[in-house]
Amino acid sequence: MPETAQEVLRMIQDEDIKIIDLKFIDLPGIWQHFSIYRSELDEDSFTDGVPFDGSSIRGWKSINESDMMMVPDPTTAWIDPFMKEKTLSMICSIKEPRTGEFYDRDPRTITQKAIDYLISSGIGDTAFFGPEAEFFVFDDVRFDQTYNKGFYYVDSIEGRWNSGREEAGGNLGYKPRYKEGYFPAPPTDTLQDMRTEMLLTMAECGVPIEKHHHEVASGGQGELGFRFATMVKAADYLMTYKYVIKNVAKKYGRTVTFMPKPIFNDNGSGMHVHQSIWKDGQPLFWGEGGYANLSDMARHYIGGLLKHAPAVLAFSNPSTNSYKRLVPGFEAPVNLVYSQGNRSASVRIPLTGTNPKAKRLEFRCPDATCNPYLAFAAMLCAGIDGIKNKIEPQEPLDVDIYDLSPEELNKIPSTPSSLESALEALENDHQFLIDGGVFTQEFIYNWIEYKLDNEVNPLRLRPHPYEFALYYDA
């Protein structure tokens with residue numbers, strides 16, 4: 001993969017690439033793109049940017065401030081495997097043409113500011129992040145919402161609900177039981193070949209791949225793994241991951257969703273995020289003799305993350321559907337505590353033996369509906385605040401939480417129960433995000449307003465299908 005602007009331009013020339021596709025992320029976290037002919041890209045484009053109209057991008061500037069510049073990152077260049085014409089793809093950050101500064105509503109820019117803040121604090125110089133995004137593969141999806149009706153319908157040949165369905169060629173069974181979809185071998189796992197193609201295609205796009213497997217839920221749930229990376233690069237990889245998985249699934253006549261809870265009463269899809277801080281090439285979270293061999297810095301990072309978790313979740317769990325996953329009984333991390341073994345704890349310390357370089361923490365709350373640039377930046381800011389202020393978390397919780405008495409459970413703080421509650425927490429607790437100039441207060445209020453106006457309130461206004469079952473005969 002190229003590393004510099006000159007190498008990208010040479011690649012375009014040597015491989016006779018005519019189309020360059022420039023991708024960037026909007027405020028909610030969806031890739032946007034436009035394509036240019038190769039003559040429109042030169043060495044200056046990698047510093048000054050390529051002009052475009054940003055007036056219709058969700059959560060961005062008004063129409064009278066619409067001129068923006070896309071600045072491609074040469075280290076993100078790869079040949080798009082889904083285009084008929086050979087097309088070079090690059091991920092961009094956004095600049096304001098009037099000031100020449102990077103745009104303060106550009107999520108990728110905010111992630112870089114978080115790294116700059118880490119360095120300026122003197123705490124460390126590198127943050128490694130490793131997201132593990134789960135997803136569902138469906139054979140059919142339909143949904144609609146009008147004045148007089150509202151419904152959704154998803155289906156999968158693997159769905160246990162289809163065990164009695166008449167199927168072409170006969171129903172062969174082999175459908176994972178509810179909550180028993182973890183690691184079944186074929187023929188129960190029908191998606192092996194497709195996931196393998198997803199994984200290998202990700203590698204073609206520069207993502208350092210590791211593994212893939214079926215996940216717990218019935219109905220085609222899966223996960224692909226890639227290696228941890230520096231924070232901006234990890235977010236870039238995650239966006240490539242989502243792009244590849246959706247397009248490979250489409251090639252197979254299937255559809256992918258990263259919705260946390262598309263199926264009632266079975267496990268949802270999360271995105272556990274591994275993270276650690278290093279300085280001068282040395283890991284800082286290892287502390288031999290401490291709980292789970294955590295250093296004081298790591299423990300304080302956890303303290304900050306848990307303290308600010310309700311506000312962080314406004315970015316890391318930013319959909320109304322996110323909170324249908326964060327409920328007890330489905331391995332969901334609803335308890336704001338840390339543990340080296342308890343998977344219902346929000347922060348888990350993976351068992352890594354005696355290797356200091358592998359020592360990390362795993363924040364288990366997030367899901368992949370998030371904008372990863374914003375979510376990662378918010379997590380790092382919370383951790384930095386914990387380190388700076390030596391915030392001590394509650395004692396680790398290594399017991400089975402479901403065996404605790406109601407009195408003991410009441411002492412354990414829990415995640416917000418709705419997006420609205422998380423946004424309220426963000427409104428009341430965001431100084432840790434503003435410190436160091438990572439987020440601006442204007443950005444935070446814009447985020448809250450966008451989420452309330454476009455997601456929370458529209459959902460509140462609409463009747464739910466289950467309400468008819470509850471109340472129609474009242």
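Between Tyr291 and Tyr338, the ring planes are perpendicular. Angles over 60° get that label, and only those under 30° would be called parallel. Between Phe226 and Tyr237, the angle of the ring planes goes over 60°, which puts this pair in the perpendicular group of the 30/60° scheme. Note on ring orientation: taking the six-membered ring where Trp is involved, the planes of Phe24 and Phe52 are tilted (angle from 30° to 60°).
In this structure, the separation between CG on Leu326 and OG on Ser418 is 11.0 Å, given to the nearest 0.5 Å. Here the OH atom belonging to Tyr241 is positioned 13.5 Å from the OG1 atom belonging to Thr201, to the nearest 0.5 angstrom. Atom CG of Asp266 is separated from atom CD of Gln221 by 7.5 Å, given to the nearest 0.5 angstrom. Distance check: Ile115 CD1 to Met231 CE gives 4.0 Å after rounding to the nearest 0.5 Å. Once rounded to the nearest 0.5 Å, the distance linking CZ of Phe82 with OG of Ser89 reads 11.0 Å. With rounding to the nearest 0.5 Å, the separation of CG in Leu361 from OG in Ser276 is 8.0 Å.
Counting heavy atoms from C-beta outward, Val71 and Cys92 have side chains that stay 4.5 Å or more apart. Side chains of Arg360 and Phe228 form no contact here, defined as non-hydrogen atoms less than 4.5 Å apart. Inter-residue side-chain proximity for Ser269 and Arg325 is flagged as unmet; no heavy-atom pair is nearer than 4.5 Å. Side-chain contact between Pro2 and Pro74 is absent, with no heavy-atom pair separated by less than 4.5 Å. Within the 4.5 Å cutoff, no side-chain heavy atoms of Met1 are placed close to those of Thr75. Taking the side chain as every heavy atom from C-beta outward, Met83 and Ser35 never approach each other to under 4.5 Å. In this structure the side chain of Thr109 never reaches within 4.5 angstrom of the side chain of Tyr373, judged on heavy atoms.
In this structure, Lys359 is not positioned above the aromatic face of Trp286 in the sense of NZ or CZ being under 6.0 Å from the six-membered ring centre and within 45° of the axis. Phe432 does not carry Lys307 over the face of its six-membered ring by the limits of under 6.0 Å from the centre and within 45° of the normal.
With Lys451 contributing its side chain and Leu419 its backbone, the two residues share no donor-acceptor pair below 3.5 Å. Between the side chain of Arg160 and the backbone N or O of Lys175, at least one donor-acceptor pair lies under 3.5 Å. Checked by atom type and distance alone, the side chain of Asp429 never pairs as donor or acceptor with a backbone atom of Ala425 at under 3.5 Å. Asn171 contributes no side-chain N or O that, together with a main-chain N or O of Glu166, makes up a donor-acceptor pair within less than 3.5 Å. Between the side chain of Glu167 and the backbone N or O of Arg165, no donor-acceptor pair lies under 3.5 Å. With hydrogens and angles disregarded, no donor-acceptor distance shorter than 3.5 Å links the side chain of Tyr174 to the backbone of Thr190. Judged by distance alone, the side chain of Asn335 and the main-chain N or O of Val337 form no donor-acceptor pair under 3.5 Å. The backbone N or O of Cys381 lies less than 3.5 Å from no partner atom in the side chain of Asp385, so there is not a single donor-acceptor pair. A donor-acceptor pair is defined here as one N or O able to donate and one able to accept, closer than 3.5 Å; such a pair exists between the side chain of Asn454 and the backbone of Tyr450. A distance-only check finds no donor-acceptor pair linking the side chain of Asn162 to the backbone of Asp155 [under 3.5 Å].
Remark: the Thr87 side chain and the Asp21 side chain contain no N/O donor-acceptor pair separated by less than 3.5 Å. Residues Thr369 and Asp367 bring a donor and an acceptor atom of their side chains to less than 3.5 Å of each other.
Taking both residues in full, the closest heavy atoms of Phe285 and Gln275 are given as CE2-O, 3.6 Å, listed atom of the first, atom of the second, then distance. Of all the heavy atoms in Gly219 and Trp161, the pair that sits closest is CA-CH2, 4.0 Å. The two residues Leu426 and Ala311 make their nearest non-hydrogen contact at CA-CB, 3.7 Å. Nearest approach of Glu362 to Arg364, heavy atoms of both residues: OE2-NH1, 3.2 Å. Pairing each heavy atom of Trp447 with each of Leu27, the nearest pair is CZ3-O, 3.4 Å. Counting all heavy atoms, side chain and backbone alike, Tyr152 lies closest to Pro262 at CE1-O, 4.0 Å.
For the side-chain contact (heavy atoms from CB on, under 4.5 Å) with Ile412, the qualifying choice from Leu397, Leu336, Val334 is Leu397, the only one to do so.
In this structure, the ring of His274 has its center no less than 6.0 angstrom from the ring center of Phe128. Under the 6.0 Å cut-off for aromatic ring centres, Phe136 and Phe138 qualify, their centroids lying closer than that. Proximity of the aromatic rings of His430 and Tyr445 is defined here by a centroid distance below 6.0 angstrom, and this criterion is met. When ring centroids are compared, Phe439 and Phe315 come within the 6.0 Å threshold.
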Stepwise side chain to side chain contact (heavy atoms under 4.5 Å, CB included) test for Val256 and Val248: CA-CA 9 Å; Val256 161; Val248 171; over 6 Å; no

Stepwise side chain to side chain contact (heavy atoms under 4.5 Å, CB included) test for Tyr243 and Lys23: CA-CA 11 Å; Tyr243 179 76; Lys23 297 178 173 69; 4.0 Å; yes

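Ionic pairing of Glu158 and Arg254 is not present here: no N-O contact between side-chain nitrogen and carboxylate oxygen is shorter than 4.0 angstrom. For the pair Arg195 and Asp189, the salt-bridge criterion is met [side-chain N within less than 4.0 Å of a carboxylate O]. Arg108 and Asp236 are joined by a salt bridge, as a carboxylate oxygen and a charged side-chain nitrogen come within less than 4.0 angstrom of each other.
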